[in-house]
Amino acid sequence: MKVMFNDGTVGECAPEEELHVIRHTAAHIMAQAIKRLYPHADFAYGPATDNGFYYDVDLGDTKLSDEDLANIEKEMKKICKENLPIKSFVLPREEAKKLMQERNEVYKLEHIDDLGEDATLSFYQQGEYIDMCLGPHLCYTKALKAFKITQQSGAYWKGDKNNKMLTRINGTAFATKDELEAHMKLLEEAAKRDHRKIGKEMGLFMICDEGPGFPFILPKGMALKNALIDYWRDIHTRENYVEVSTPLIMNRRLWETSGHWDHYKDNMYSTKIDEEDYCIKPMNCPGGVMVYASQPHSYRELPMRVGELGIVHRHEMKGALHGLFRVRCFTQDDAHIFMRKDQITNEIMNVVHLINEVYEKFGFKYFIELSTRPEDSMGSDEDWEAATNGLKGALEQLGLPYIINEGDGAFYGPKIDFHLEDCLGRTWQCGTIQLDFQMPLNFNLEYTDENGQKQRPIMIHRVCFGSIERFIGIVTEHYAGKFPAWLAPVQVKVMPVSEKSNEYATKVYEALRAAKIRTELDTRDEKIGYKIREAQQVGRVPYMLVLGAKEVETNTITVRNRDTAESTNMTLDEFIAKITKEISERIS
């Protein structure tokens, strides 16, 4: 694909960069369209992204409607038909500032001021539109073949909540119309699976204006959450974890010792108790450390695997909140493993096996990232090198491929992140394994070795689900609310065909409840077809029991399967045995 580089030359870009060039060009063409329709528009940043492109723009008091977005897209198509050549040029810093001043580009001027005094800046121009950019771009506007504006939202200038809120206009672009169409169908399917929509329909959770970012888990959502927790407890008991619960609020001194106050305080909530500063925990690890430190330990006790389903609070910007995916309060399925140095590789391998087992249970594929030391870190070079090599060694011994993510480790240690892929091909970062030499040092943790000498343990921080609430959002979209029976908030719905069957239906309902099967009874005076559709499409109940005169007479039940729409007649005992096995084995 021919592209225009910022030095004015035309050449070929690498195949893996083509989509980026297309989308970056689309962002410029969209900005040109916006400027034609809204001459007062002032532009900030307009990059290509993994999923498309966006431009942050200051439109003053102008608010855009869906019709306005459609008009912007229409103007973009017009610009493409004009087949304007896209040219590049460079200017010294002062000349660049003069050009932006002449064009009244306030945000671009501020951006130039953030750059060095000797900076030479590159620009791209198509028709009347000029934008400051590194490029490369397509050579003509007509080369942009397939694009779509998708939505608008708010975004602070430079991502700083103290700055002005701008309008972010998002779009996507592809090399061909077929690729765009396939992507739009994927977005349509994703919208149908939106966990906020399904969560409301199924009564799983709600978020109120009185508590933005603080989800209320409703009864049916609680049944789902408890099913996940029961599974978590079963596999952790099997793997010799013990479970603890640590306080929600602890003195600021603890968080200073752990390093969180220096490295994470902007995301922490705090309060005053007895005229002292206290913090609501954003993480469970200092509490886990306090549990370990509460009594002396021998080398024979290690590894010590301590799990906690701890509620944590983190301050997230209001504009970043999104259903259960980004919240301010959530349950973290944490565990902290205290061990000797010679146990590092084996313990990491055990955790990898456990996380793999969890993701396979839900049918998730995943890839692994190894995140290394960030700039804002604590500890010695030697400890960081030893921790990083420990993680690498475990992954290589397991034969697992991984990607290095430079500088994205936790402030106290490197980490392995598991990015799972759902049925739509979207990726989510959930599981993590963090190796920590620093917190045991900060809290002076010890154990007695075989020679009676005091030694420092090493610590692993790890989660499987990550945030249980977020994981509920992910699996809701993955299954489109059609959870397997072991997870389903309502596993069975009993529906009499008429009032004459109500007494028999009640007996069936009570028998199912006695067998600890999550069951609802629908005796409303509605047609059976309506009841079935509602249970299948709204409640997404795995099994519906349809009971009429025939079932009453033969003392049987007719079982309708949600996923196959097939109906089977059987005895109640046969069905209870079948579904109990399905639930106990957690068949997905």
Are His315 and Asp266 close enough, and set up right, to give a side chain to side chain donor-acceptor pair (under 3.5 Å), and what steps lead you there?
-> CA-CA 7 Å; His315 179 64; Asp266 291 342; over 6 Å; no

Start with the C-alpha gap between Met459 and Tyr292, add the side-chain angles, then the distance that decides, and say whether side chain to side chain contact (heavy atoms under 4.5 Å, CB included) holds.
-> CA-CA 11 Å; Met459 185 176 177; Tyr292 180 90; over 6 Å; no

Can Tyr156 and Asp56 be said to form a side chain to side chain donor-acceptor pair (under 3.5 Å), step by step?
-> CA-CA 9 Å; Tyr156 293 109; Asp56 291 343; over 6 Å; no

Decide yes or no on side chain to side chain contact (heavy atoms under 4.5 Å, CB included) for Met206 and Leu218, but give the supporting numbers first.
-> CA-CA 7 Å; Met206 67 179 189; Leu218 302 177; 4.1 Å; yes

Do Asn561 and Met544 pass the side chain to side chain contact (heavy atoms under 4.5 Å, CB included) test, and can you show the C-alpha distance, the side-chain angles, and the key distance before you say yes or no?
-> CA-CA 7 Å; Asn561 185 298; Met544 292 146 276; over 6 Å; no

Show your working on side chain to side chain donor-acceptor pair (under 3.5 Å) between Thr523 and Asn502 and close with a plain yes or no.
-> CA-CA 7 Å; Thr523 57; Asn502 281 357; 5.0 Å; no

Begin from the C-alpha positions of Ile337 and Tyr241 and carry the test side chain to side chain contact (heavy atoms under 4.5 Å, CB included) through to its verdict.
-> CA-CA 9 Å; Ile337 302 172; Tyr241 284 76; 3.6 Å; yes

Check step by step if side chain to side chain donor-acceptor pair (under 3.5 Å) holds for Lys281 and Thr246.
-> CA-CA 10 Å; Lys281 66 176 179 180; Thr246 63; 3.0 Å; yes

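Within 6.0 Å of atom CZ in Arg426, more than 12 heavy atoms from other residues, nucleotides or ligands are found, so the atom counts as buried in its surroundings. Annotation for Arg326: atom CZ does not count as buried by contact number, only 12 or fewer foreign heavy atoms lying within 6.0 Å. Around the NZ atom of Lys578, the shell of radius 6.0 Å holds more than 12 heavy atoms that belong to other residues, nucleotides or ligands. In the displayed structure, Met184 atom CE is contacted under 6.0 Å by more than 12 heavy atoms of other residues, nucleotides or ligands. Other residues, nucleotides and ligands place more than 12 heavy atoms under 6.0 Å from the CD atom of Glu16.
Taking all atoms of both residues into account, the shortest heavy-atom contact from Ala26 to Met76 is O-CE, 3.7 Å. Nearest heavy-atom pair, Leu512 versus Thr519, reported as atom, atom and distance to 0.1 Å: CB-OG1, 3.4 Å. Nearest heavy-atom pair, Gln151 versus Leu69, reported as atom, atom and distance to 0.1 Å: C-CD1, 4.2 Å. The two residues Met268 and Pro282 make their nearest non-hydrogen contact at CG-CG, 3.6 Å.
Judged purely by distance below 3.5 Å, without hydrogens or angles, the side chains of Lys550 and Thr556 never pair a donor atom with an acceptor atom. Checked by atom type, the side-chain pair Thr150/Asn170 shows no donor-acceptor distance below 3.5 Å. Under 3.5 Å, the side chains of Lys225 and Thr331 contain a donor-acceptor pair of N or O atoms. Using modelled atom types and a 3.5 Å distance limit, the side chains of Glu179 and Thr176 yield a donor-acceptor pair.
Contact of the Ile474 side chain with the Phe364 side chain is registered, since non-hydrogen atoms from C-beta on lie closer than 4.5 Å. Contact of the Asn405 side chain with the Leu370 side chain is not registered, since no non-hydrogen atoms from C-beta on lie closer than 4.5 Å.
Cation-pi check for Arg168 over Tyr54 is met; the charged atom lies under 6.0 angstrom from the ring centroid and within 45 degrees of its normal. Geometrically, Arg524 does not engage Tyr530 in a cation-pi contact defined by less than 6.0 Å to the ring centre and at most 45° from the axis.
Aromatic ring centres of Phe325 and His195: separated by under 6.0 Å. Aromatic rings of Phe471 and Phe362 (six-membered ring for Trp) have centroids within the 6.0 Å cut-off, being under it. Residues Tyr264 and Trp255 place their aromatic rings such that the two centres sit no closer than 6.0 Å. Here Tyr366 and His419 keep their ring centres 6.0 angstrom or further from each other.
The pair Asp417-Lys415 meets the salt-bridge criterion, since a charged nitrogen lies less than 4.0 angstrom from a carboxylate oxygen.
Here the straight-line distance linking atom CG of Leu254 with atom CD1 of Ile249 works out to 13.0 Å at 0.5 Å rounding. Taking CD1 from Ile229 and CZ from Arg233, the interatomic distance works out to 6.0 Å, rounded to the nearest 0.5 Å.
Exactly one of Asn284, Thr432, Asp436, Asp334 qualifies for a side chain to side chain donor-acceptor pair (under 3.5 Å) with His461. That residue is Asp436. Screening Glu582, Arg562, Gln491 against Tyr543 for a side-chain contact (heavy atoms from CB on, under 4.5 Å) leaves a single residue, Glu582.
Side chain of Ser588 to backbone of Lys361: a donor-acceptor contact under 3.5 angstrom is found.
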